[in-house]
Chemist: 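Shown below is the structure under consideration.
Any value given below was found using the heavy atoms of this structure, including those in side chains, with hydrogens, waters and symmetry copies removed. In each ligand, atom 1 is the first atom listed, and ligand 1 is the first ligand listed.
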Amino acid sequence: RSAHVVVVGGGSGGATAAKYLKRFSPEMQVTLIEPNATYYTCYGSNWVIGGHALMDDIKHTYGALKDRHGVNVVQDTVTEVDPARRTVRTAGGATMNYDRLIMSPGIDFRYDAVPGITAADAERIPHAWKAGEQTRLLRSQLEAMPNGGVFVMVAPGNPFRCPPGPYERASMVAHYFKQAKPRSKIIILDNKENFSKQGLFMSGWEQHYGEMIEWVPSSQGGQVEEIDAANLTAISDAGFTRIKADVLNYIPPQSAGAIAQQAGLVGDTFWCPVNQLTFESSIHPGIYVIGDSSVAGAMPKSGHSANNQAKVAAAAIVRELSGQEPLMPSTANTCYSLITPDHAISVAAVYAYKDGTISAVEGAGGVSPADAPASFRQQEALYTKGWYDGITADIWG
Ligand code: FAD
């Protein structure tokens with residue numbers, strides 16, 4: 001009997017893992033379980049929010065995984081994992097045995113971290129931190145907002161999905177406001193003291209948007225302590241600062257996907273500890289956790305990271321099942337961010353296993369130069385699109 005590997009989640013990590021398992025070991029049986037027939041990438045969703053791309057531009061389906069790569073794609077939700085019996089159960093009533101399980105369920109939101117707001121409020125106060133309906137909702141609220149209105153974003157503390165994401169979002173919203181409602185304002189209430197590519201973002205904001213974006217670090221009133229959901233108001237400074245929004249984008253603190261928690265894969269943080277060479281869970285053998293849910297040393301929670309981790313886990317499983325030692329993996333991450341459609345910045349890093357953890361290789365990678373001509377920023381905007389096309393073809397193509 002050929003081995004059966006079940007993959008939970010058809011996002012950046014899971015879809016890559018399923019495809020590469022079949023590529024590394026064509027005789028293996030691979031089942032991918034994902035509730036949605038279409039996946040909208042979070043990458044590119046800020047462009048939609050800023051009116052620079054359409055929902056169809058960030059939409060992907062599972063046809064190629066099924067027809068070209070021979071993955072058994074099941075549209076269902078995993079409701080239970082039994083690590084002892086090595087079975088998963090689904091909402092649709094199926095029970096499946098696995099030899100190895102890969103989990104890439106993304107993130108869950110910790111709405112209990114701040115009083116005054118619950119998950120149900122996301123229908124009025126979008127997080128838009130999972131793409132799809134939430135992206136549409138935030139875009140339509142911004143379109144309905146009057147000129148002179150205030151867009152307030154509450155950004156989470158570390159670690160969270162996509163460290164530069166909130167600041168790219170502010171940029172794209174500013175790009176839209178500048179054209180459509182130039183008297184409007186953007187306030188970022190940040191639950192931390194500094195952020196990814198901060199110098200590059202801030203000089204880009206000054207250059208293109210003047211005073212439109214105000215960033216408030218945690219020590220200066222950015223640490224949000226309560227939300228008055230009915231009045232779209234964020235409260236900080238022990239109640240002294242109340243900021244009323246016309247459009248409120250509360251991005252909650254995060255944790256590993258709910259099913260990873262239910263399966264008992266979460267350690268004493270909110271995330272899943274894994275063997276840093278293979279991504280096998282440190283808690284339950286035979287289960288591999290990749291993507292945002294995992295604790296992956298110095299790697300950020302990004303689509304690029306999830307895609308790389310998926311290949312490491314797939315190779316580790318194929319080698320283990322054929323009695324070979326795991327490889328010494330080397331991985332990479334890049335995150336491009338648009339400040340305008342013609343001005344992009346990036347951060348890149350290469351990672352290797354060192355001192356028991358995934359560490360950034362010194363001297364490899366870095367951020368875009370601080371002083372670069374407009375032509376350089378424009379070139380990076382082209383690379384942004386190239387990166388998107390390349391990675392999505394690698395994942396779902
Ligand atoms: P996901 O891609 O979220 O996939 C999880 C999948 O699991 C989902 O399809 C879900 O339906 C499924 N699932 C969940 N629970 C179950 C269950 N019980 N049963 C079955 N299936 C289940 N990354 C970059 O690299 N570059 C960028 O430019 C970038 N920009 C971003 C911008 C924004 C605004 C945001 C929010 C994120 C951005 N990211 C970017 C981050 C990137 O989207 C995530 O890090 C990446 O998608 C993580 O992959 P994942 O596989 O862990 O989770």
Chemist: Are a donor atom and an acceptor atom from the side chains of S368 and E380 found within less than 3.5 Å of each other?
Modeler: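 S368 vs E380: donor-acceptor pair found between side chains.
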Chemist: Heavy-atom pairs closer than 4.0 Å: do any link ligand 1 to the side chain of I259, the backbone, both, or neither?
Modeler: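 The side chain, only.
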Chemist: Answer side chain, backbone, both or neither: which part of S337 comes under 4.0 Å from ligand 1, heavy atoms only.
Modeler: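 For S337, no heavy atom sits under 4.0 Å from ligand 1.
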Chemist: Using a 4.0 Å cut-off to any heavy atom of N46, which atoms of ligand 1 qualify?
Modeler: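 Listed by number with element, the hits are 34 (C).
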Chemist: Please determine, by modelled atom types, if E225 and S236 share a side-chain donor-acceptor pair under 3.5 angstrom.
Modeler: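 Judged by distance alone, the side chains do not pair up.
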Chemist: Taking 4.0 Å as the limit for heavy-atom contacts, which would you say applies to T79 with ligand 1: side chain only, backbone only, both, or neither?
Modeler: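 Neither part.
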Chemist: Is the Y167-F195 ring centre distance short of 6.0 angstrom?
Modeler: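 For Y167 and F195, the ring centres are under 6.0 Å apart.
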Chemist: For residues Y209 and T340, is any side-chain donor paired with an opposing acceptor at under 3.5 Å?
Modeler: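 No, T340 and Y209 have no side-chain donor paired with an acceptor closer than 3.5 Å.
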Chemist: Can D99 and R1 be counted as an ion pair, charged N to O under 4.0 angstrom?
Modeler: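 Result for this pair is yes, salt bridge flagged.
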Chemist: Are more than 12 heavy atoms from other residues, nucleotides or ligands located less than 6.0 Å from atom NZ of K244?
Modeler: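 Correct, the count exceeds 12.
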Chemist: Can you tell me which residue and heavy atom of the protein come closest to atom 2 (O) of ligand 1, and the distance to 0.1 Å?
Modeler: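 Heavy-atom neighbour on the protein nearest atom 2 (O) of ligand 1: Y39 OH, 2.5 Å.
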Chemist: Between Q324 and S322, do the side chains contain an N or O donor and an N or O acceptor separated by less than 3.5 Å?
Modeler: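 The answer is yes; a qualifying pair exists.
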Chemist: Of all the atoms in ligand 1, which lie at a distance below 4.0 Å from a heavy atom belonging to G291?
Modeler: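 Atoms satisfying the 4.0 Å criterion: 52 (O).
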Chemist: With heavy atoms only and a cut-off of under 4.0 Å, state how N36 meets ligand 1: side chain, backbone, both or neither.
Modeler: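 The part of N36 near ligand 1 is the side chain, not the backbone.
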Chemist: Looking only at protein heavy atoms, which one is nearest to atom 52 (O) of ligand 1, and how far off is it?
Modeler: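 So the nearest neighbour among protein heavy atoms is D292 N, 2.9 Å.
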Chemist: Tell me, which protein residue and heavy-atom name are nearest atom 3 (O) of ligand 1, and how many Å apart are they?
Modeler: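 It is R161 NH2, 2.7 Å.
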Chemist: In the protein, what heavy atom is nearest to atom 7 (O) of ligand 1, and what distance, to one decimal place, separates them?
Modeler: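 For atom 7 (O) of ligand 1, the nearest protein heavy atom is G9 CA, 3.2 Å.
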Chemist: N275 and E280: side-chain donor and acceptor closer than 3.5 Å?
Modeler: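 Side chains of N275 and E280: no pair found under 3.5 Å.
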Chemist: Taking distance alone, with N or O pairs closer than 3.5 Å, would you say R169 contacts ligand 1?
Modeler: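 No, no N or O pair falls under 3.5 Å.
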Chemist: Pick one of side chain, backbone, both or neither for how Y40 approaches ligand 1, counting any non-hydrogen atom pair under 4.0 Å.
Modeler: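 None of Y40 does.
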Chemist: Using a 4.0 Å heavy-atom threshold (strictly under), name the region of H304 that reaches ligand 1: side chain, backbone, both or neither.
Modeler: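 Both backbone and side chain.
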Chemist: With respect to G303, determine whether any N or O atom, backbone or side chain, lies less than 3.5 Å from an N or O atom of ligand 1.
Modeler: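 Indeed, backbone or side chain, G303 has an N or O that close.
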Chemist: So which heavy atom in the protein is nearest atom 33 (C) of ligand 1, and how far is it from that ligand atom?
Modeler: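 Nearest neighbour among protein heavy atoms for atom 33 (C) of ligand 1, to 0.1 Å: C42 O, 3.6 Å.
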Chemist: Tell me: protein heavy atom nearest atom 18 (N) of ligand 1, and distance?
Modeler: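 That would be V78 O, 3.0 Å.
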Chemist: Counting only heavy atoms not in F24 (residues, nucleotides, ligands), do more than 12 fall under 6.0 Å from its CZ?
Modeler: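 Yes, the 6.0 Å shell around CZ holds more than 12 heavy atoms from other groups.
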Chemist: With respect to atom 22 (C) of ligand 1, which of A263, P35, A17, P163 exhibits the smallest heavy-atom separation?
Modeler: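 Nearest heavy atom to atom 22 (C) of ligand 1 lies in P35.
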Chemist: At what distance is the nearest protein heavy atom to atom 27 (C) of ligand 1, and which residue and atom is it?
Modeler: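 The closest heavy atom on the protein side is Y43 CB, 3.6 Å.
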Chemist: C162 versus ligand 1: do any nitrogen or oxygen atoms come within less than 3.5 Å of each other?
Modeler: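 No; the residue has no nitrogen or oxygen that sits under 3.5 Å from a nitrogen or oxygen of the ligand.
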Chemist: For W47 and E168, test the side chains for any donor-to-acceptor distance below 3.5 angstrom and give the result as yes or no.
Modeler: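 Side chains of W47 and E168: pair found under 3.5 Å.
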Chemist: Can you confirm if the aromatic rings of F109 and H127 lie within a centre distance of less than 6.0 Å?
Modeler: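 When the ring centroids of H127 and F109 are compared, they turn out to be within the sub-6.0 Å range.
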Chemist: Applying a 4.0 Å heavy-atom criterion (strictly less than), which segment of S12 is in contact with ligand 1: side chain, backbone, both, or neither?
Modeler: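 It is both parts that get close, each with some atom under 4.0 Å.
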Chemist: Among all protein heavy atoms, pick the one closest to atom 9 (O) of ligand 1 and tell me residue, atom and distance.
Modeler: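 Minimum-distance protein heavy atom for atom 9 (O) of ligand 1 reads E34 OE1, 2.6 Å.
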Chemist: Are a donor atom and an acceptor atom from the side chains of H343 and H208 found within less than 3.5 Å of each other?
Modeler: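 Short answer, yes.
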Chemist: For the residue pair K311 / T16, report whether a side-chain donor-acceptor contact shorter than 3.5 Å exists.
Modeler: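 Not at all, the side chains of T16 and K311 share no donor-acceptor pair under 3.5 Å.
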Chemist: Under 3.5 Å between any N/O of S104 and any N/O of ligand 1: does that happen in this structure?
Modeler: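 N/O-N/O distance below 3.5 Å exists for this pair.
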Chemist: What are the atoms of ligand 1, with element, lying closer than 4.0 Å to any heavy atom of A306?
Modeler: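 Those atoms are 49 (O).
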